[in-house]
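Take a look at the structure below.
Values reported hereafter were calculated over all heavy atoms of this structure, with side chains retained and with hydrogens, waters and symmetry mates removed. Proteins get letters first, then strands, A, B, ... in listed order; numbering begins at 1 in each. Just so it is clear, the structure is predicted and the values come from calculations on it, not from any experiment.
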Amino acid sequence: MSEFQIVIQSFLPVYTLLFGAVILLILDWTIGKKPVHKHIMPSISIITLIVAGYMVFIRPKDPSSFPGNPPLFYFGEFYAYFSLLAITAAFVIVLSAWKDMELELSLGVFYALLLIATAGILIIAGAMNFIPLYVGFEVLSISTYAMIGFKKKSRAAAEASIKYFLLGALASGILLFGISLFYGATHSLQLTSAVNVLNVIGTTKPNAYGLFVMALLVVGVGFKIAAVPFHVWVPDVYKGSSLSVTNFLAIGSKAGGFAFVFKIFLLSLITIKSGWAPVWAVLAILTMIVGNLAALPQVSVTRILAYSSIAHVGYILIALVSYAHGATEMATIGALYHLMANIFMKGTAFTVVLIVVYQTGGDTLEHFKGLSKRDPLTTFFMTIALLSLAGIPPFAGFFGKFFLFYSAVLSGDTYLAIIAIMMSAVSVFYYARIIYVMYFQEPSEANTETKTYPRFFILLFALTIGNIALFFGALFLTPQLVEFGSKVAQELAQFII
Amino acid sequence: MTAIPIEYPLILSSALFSLGVFGVITQKNAVRILIAIELIINAANINFVTFASYNPNADISGWVFALFIIAVAAGEAAIGLAIFINVFRNFGEINVKHLFTLREV
Amino acid sequence: MESEIIYYALGVVTSPFIGSLILTIFAFIHYAKTHGHEETEENNHEEHEEHGLKYTPLENFVSTIGILSIFASWVFMLLLAIKFFTTEHHGAFLTTSYDFFGFPVTQNIQVGLLVDALSVYMGLIVTTLALLIHMYAREYMHGDKGYPRFFATFNFFTGIMLSLVFSSSFFELFIFWELVGLSSYLLIGFWIFKPSAAHAAKKAFLYNKVGDVALLSGFLILYKLTGTLNFMELPDKIHNLTPLQTALISVLIFGGVIGKSAQFPLYTWLADAMEGPTPVSAILHSSTMVKAGVYMVARVFFLYWQAHEGEYNFAGDNWALAVVAWVAAITALLAGLQALVENEIKRILAYSTVSQISYMVLALGAGSKTAAMYHLLSHATFKALLFLTAGAVIHVVHTNNIWEMGNLRKKIPKTFTAMLIGAIGLSGFPGISGFWSKDAVLATVYYSDVPGNKILFTLGVVTAFITALYTTRFIIVVFFREPTPENIERVEHAHDGGFFLTIPPLIMAALVILESLTFIPTPIFKFEEWLMEWLEPGVHAHEVALTLPILSAIVVLLGIGTGIYLYYYNYNILASLNQNKVIIPIREFIAQRYYIDKVLYWIANVPAMIVSRLLQDIDIKIIDRTIIDTWIVKGSLGLAKISDVFDQGIIDGIVNGVWMIALTLGRAFRKLQTGIVSNYASIFAAALVIFLGYVNFLIFIK
Amino acid sequence: MGWFLEANFILIGIITILMAFGTLSTKKVMRAAAFLLLTLVGVALTYLFLGFEFLMGIQITVYAGGILILFLFSVLLTGHEEFKMDLEFAKENIVQILISILLFFTLTALMLSIYGNYQLTGNELVLQAQTKGLTQDFSVALFSHFNYVLPILGVLLFSAMLGSVKLVLREEEL
């Protein structure tokens, strides 16, 4: 294969997504005003996503064959996994936006933005140099800014978009400053260059470079993944943006953010892990505690889920710490698995909130009262999602937490596992509260709407099946999972010299 | 040809960065906040150019990145200003200290 | 071959769970449909025969699923048993076990199925009885609003018990052991609207927990010392332990048995557990929960045997088995006496269960697994039968008190026949199943080298006499004695229940007879020897002198005769005995359960009392006189009261306090959410400054 | 010669910082944009001093010429707000001011201590290379090694365009 062919083949998923976006735009200009467009646009997005997913599988076999010295991209297992995560997440968003965005004009633009954002995650997952990494990160961010503000008539969405934009731009600026310091320390923007330069043991300066870089990068990425104390935007933005976009923030954008975090911390700054591990440990503890405790007094289910999503970030951050302390395989498995489980759990939960908002016009616990009587199936799916979020078997959330906590135990950070377990116990309170309200309370007079939405049903069904299948997958295919985890871990570790 | 000591551009970038952060956290008008963010980005850019110029490895990817950053900043400014206009249409102002309808009660 | 056995075992274990899963989902939907008000006092189940026996479609569906899943399990069990016993696997362990989630660190904790003679034997008993009791419950629970919930829990319970039986490691066994406790809690407290039921469930749970603490510490020490919990590996590993360690572990594990299998002094919960529905009592007492303790000791019998090696010496270390045997013998006697003075039919049976389980534990203490499992089989069958028939009796006469019944043999002939057969079995009537197994136990004790084996034997014989006496007592009072005038009407309307209320007991009665026939030792086939060959290969039974069975038979007949004489022919003697000044306090002492509950409460509450006293002392200096007075008044109201105060004031206080702290913190975190971007950005900047400070600290100061 | 360059750099630096402060403290947003223009030009001149004149051109054309127009338009479209950096402001934002000052000092201290006195020989090396056609090297790198990143930048600008067009256009105009 020629160099050009390899490049084309490697970029095929990204090209597919962009091609889909362009098609959507052309359609938007031509048939954008006809009522049928609200079905055509999501359908095309779905086809594009499926093709892109297929393209991920047929990428070149040898990931190191990408041209350039050193290559700017590396399309290995890590890339493949996060691409599939992003595509699955986008898939969920398309299906939930199908109804949510129905009444908007120029829908093609929305789906195009979604596809471009997905492409951004793919670029992050594949990049081995700070330039494409940062540009991919900005592709994701800019598309997300536009998506949040997409419902122009909605004041809440406008406010959410300006908040997310201003904080995002600030975080991005700080991140950029951090990258510039990285460049100053290593004289190169290649991610792996730090591994060599900062690997000088016994001299304080390389470590000092790394620590300084770390301080700025933590702030930059902390915003994207919503780690405490950079989580403050989460409740407002999740509440303000329309729920399908919220869903994207919770599952898609988060996967991209974590790909970014892993790229930087597990690949690039791994040699100064003794510097950043305590920082992430503190942030993980704070994130778990604040996320879970702040969710307790909430009445809006969206906000409860927003805080729960913060808490789950805390659980995943455990993986960073335990990776640094030696439990590389288990931490990798835990993080990757939990991100996938997150898609199924959060995807279901936010979709159900969307349905309830459509049925009753609100998302507080009041509106969830007696949901089981109005819409038993939806309630059932929501219950499974919540149980899964709480980490109760036989749902994927159990193994997500199990692997993460177990990795903490393996690496000797038992205190993290203990705090995490305690906080998980706290989390059961607010999940159980929703379940209780749905099953055991009478619906209020006003909320008697029983309309159901078949499209959502298919989505919820698929997500729930995925959730349970993921659990049993972990149960029965543990050796394969371990194998995959060690493969990814090795892929990350192969650059350390 | 003697050159400028590296400390000078570094102090400049540090000052611009701090001023930018100061602007972001004190200003009320969203446009001014965006301007402050531009200051931060410029600070980073100065760093890149400085480190590229004082580079023993003759690596010029810092310059390339500086160019990319200008383009990214343009994109960010464009989307940001569009968002401001959208907010202005909805709220009649872009004073961020007045935009707290999403606050929890 | 082996894989076949494992698949059968998997089928046995999973079928009830599958049924339970379906039923749980169904129960949830049903629960939601009935608007969450599942049941109230008015909807009690006992009103149903007025409407005749019309099952609602819901009940049909639920009970069919429930029974079918157990039936599937039973069929698998039969196949497994046939396969196992027809192939020569003397003492061989067939297991499948895989590493715990595949991670190497915990490789010694395994999850798997252990199929050996013991588990197959026990599984056969459990599935057979569970199947019959499920069928019985189909009719018994008819009309109850919690029908789906009942079957879901019941199936779950059966599945848990089967999983316990097939556990391959101590770790797994402990998990299911705890789950048995949990699901029994759900079953005993099934009628949650009854405070007594809720209390009984709580009591059962707590008493079990006390034992479980001992069990947990026991097997953790075992794990620490041997590094494995796998039943297959343990027998080889324990040789490295010192006798003292083995004895300590054995006794701690026996602590768990004391809780679960209702041994002295933690046996009183079992009688209170009668608040659950009758099928629950039947399954708890016949083959599952309370037998789990016996089963566990049999499972880790090598441990006790290890402790038993060598001479008995109370000053030394080898006293584990002696503790077991003595506790058992005392329990047998105490519970037997208790059964003699009880008036409620189910409680009589409950104490009788305690007494009979003690026989099994006694056999274990005397060093024979075979005798214990032998008695377990015969007892399981007739006790299930007795409970089912007792349930039917209660069902038709609407009372629990035997003195409010009478002369029922003509009204409910089928039930009577079945119950009589069960009672004969229980009493140990010569030639019937209970006789042979009890005889095996007594012989074991007689020939064992446990310290004081002759005294133990005497206690066993006395208990046999008492058993015969109280069995005769309740049979005569319920079925033969003329009812008192005020109860005549109640008895008049009694009639046999429907198909499912009568057939399962009759099948069980047939099983009792079948067992009796099997147990008769003939030169060709001796059941005990056959069982011993499977369970304890290489061990040989003592030659039992003929005097022992004859003595036993005489004692039993004497007991029955005394019973008939006292309660049927010459009731006056009993009446005058009851008036006797000496008898009354004894009777009262027994009826008050030897004040065990009171003592236990007292023991549990002494620390609480001390703490509350301390708090009181502190209060005196701070709070004014009136409050102190109330405290003292409260204190003088009794220890239980103080414990209540302690419970509510301190425990609830701590719980509420933690909750309040969490909530307050949550609210405080919410305060961060000002909604203003600048403030959020300030938080970012502050965090950045802190990080930079941290880096400064690391670089310049450290 | 050296001291002259240094003095010039210091002067331009100080002016740039003052202009940057001006963007934040001036009364009207429009003036803030004008100050930003001056700041950007100052930064561009810094690039010249650092030996990268090509980026100076880019900075002035794209940033000062392009992005600034965006700012001016948005200021015109979103109305004006009076702003005063007075005692009242200081009182309200005391914590923020403290944070910023702390940030400046910690950051500068770290930057100078870690990156200061930086490989002076290397410095000489590169600044001499610049005289041999830096812009040429730069473009070669851009179009050989980094040519796969350029399309991604295109994607970024494309999505920014899409988003801003959607957000700014009035729907009735479609």
Side-chain angles (χ1 to χ4, degrees), chain B residues 1-12 14-19 21-23 25-29 31-32 35-36 38-39 42 45-46 49-50 52-56 58 60-61 63-64 66-68 70-79 81-86 88 93-95, chain D residues 2 5-6 9-10 13 16-17 20-21 23-24 29 32 36 43 46-47 49-52 55 58-59 62-63 66-67 70-71 74-75 77-78 81 83 93 96 99-100 103-104 107-108 111-112 115-116 118-119 122-123 125-127 129 137-138 141-142 146 153 156-157 160 163-164 167-168:
Chain B
M1 181 178 174
T2 48
I4 302 142
I6 193 168
E7 281 88 347
Y8 295 177
L10 289 185
I11 292 174
L12 176 61
S14 171
L16 278 184
F17 183 84
S18 308
L19 272 176
V21 171
F22 170 71
I25 63 183
T26 53
Q27 297 294 327
K28 293 179 196 160
N29 190 312
V31 178
R32 274 171 188 268
I35 286 174
E38 296 296 338
L39 293 182
N42 269 292
N45 237 349
I46 291 174
V49 174
T50 313
S53 297
Y54 292 74
N55 193 328
I60 51 170
S61 52
W63 283 323
V64 179
L67 182 72
F68 276 90
I70 292 178
V72 171
E76 223 168 45
I79 192 83
L81 298 171
I83 286 174
F84 297 160
I85 290 168
N86 190 26
F88 186 75
E93 60 174 342
I94 48 169
N95 186 336
Chain D
L5 270 179
E6 270 182 50
F9 188 89
I10 292 171
T16 311
I17 293 172
F21 189 73
T23 55
L24 306 174
V29 194
L36 179 65
V43 173
T46 319
Y47 295 158
F49 276 90
L50 292 171
F52 192 18
L55 197 66
I58 298 284
Q59 171 92 355
V62 176
Y63 233 130
I67 300 177
L70 278 175
F71 274 101
S74 68
V75 171
L77 284 168
T78 56
E81 257 177 84
F83 172 77
N93 296 301
Q96 280 89 332
I99 288 175
S100 310
L103 179 67
F104 176 69
L107 193 67
T108 316
M111 295 255 285
L112 292 186
Y115 295 95
Y118 193 99
Q119 318 264 351
N123 163 20
L125 194 88
V126 176
L127 282 185
D137 287 355
F138 167 76
L142 184 61
F146 291 101
L153 192 63
L156 182 137
L157 293 173
S164 31
L167 289 178
V168 174

How long is the span from the [atom1] atom in [X] to the [atom2] atom in [Y], to the nearest 0.5 Å?
X	Y	atom1	atom2	result
B:F22	D:N93	CZ	CG	7.0 Å
B:W63	D:F138	CH2	CZ	9.5 Å
D:L157	D:S164	CG	OG	10.0 Å

Does the side chain of [Y] come within less than 4.5 Å of [X]'s, by heavy atoms?
X	Y	value
D:L142	B:F68	yes
D:L77	B:F88	no
B:I70	D:L55	yes
D:L103	B:F17	yes
D:Y47	B:N45	yes

Part of [X] lying under 4.5 Å from any heavy atom of chain B:
X	answer
D:T108	both
D:L70	both
D:I17	both
D:F9	side chain
D:V29	both

Of D:L24, D:T78, D:I67, the largest count of non-hydrogen pairs under 4.5 angstrom with chain B goes to D:T78

Just give me the residue among D:A141, D:G163, D:S100 that pairs up with chain B most often, heavy atom to heavy atom, under 4.5 Å.
-> D:S100

Is there a donor-acceptor pair closer than 3.5 Å between any side-chain N or O of B:S18 and the backbone N or O of B:S14?
-> yes

May I ask you to name which of [options] has the most heavy-atom pairs under 4.5 Å with chain D?
options	value
B:A73, B:A15, B:G23, B:A77	B:A15
B:I11, B:L67, B:L16	B:L67
B:L81, B:L12, B:N86	B:L81
B:I79, B:V64, B:I94, B:I85	B:V64
B:V72, B:I46, B:I25	B:I25

Determine whether the side chains of B:N42 and D:Q59 contain a donor N or O and an acceptor N or O closer than 3.5 Å.
-> yes

Heavy-atom distance under 4.5 Å to chain D: side chain of [X], backbone, both or neither?
X	value
B:L19	both
B:L39	side chain
B:E38	both

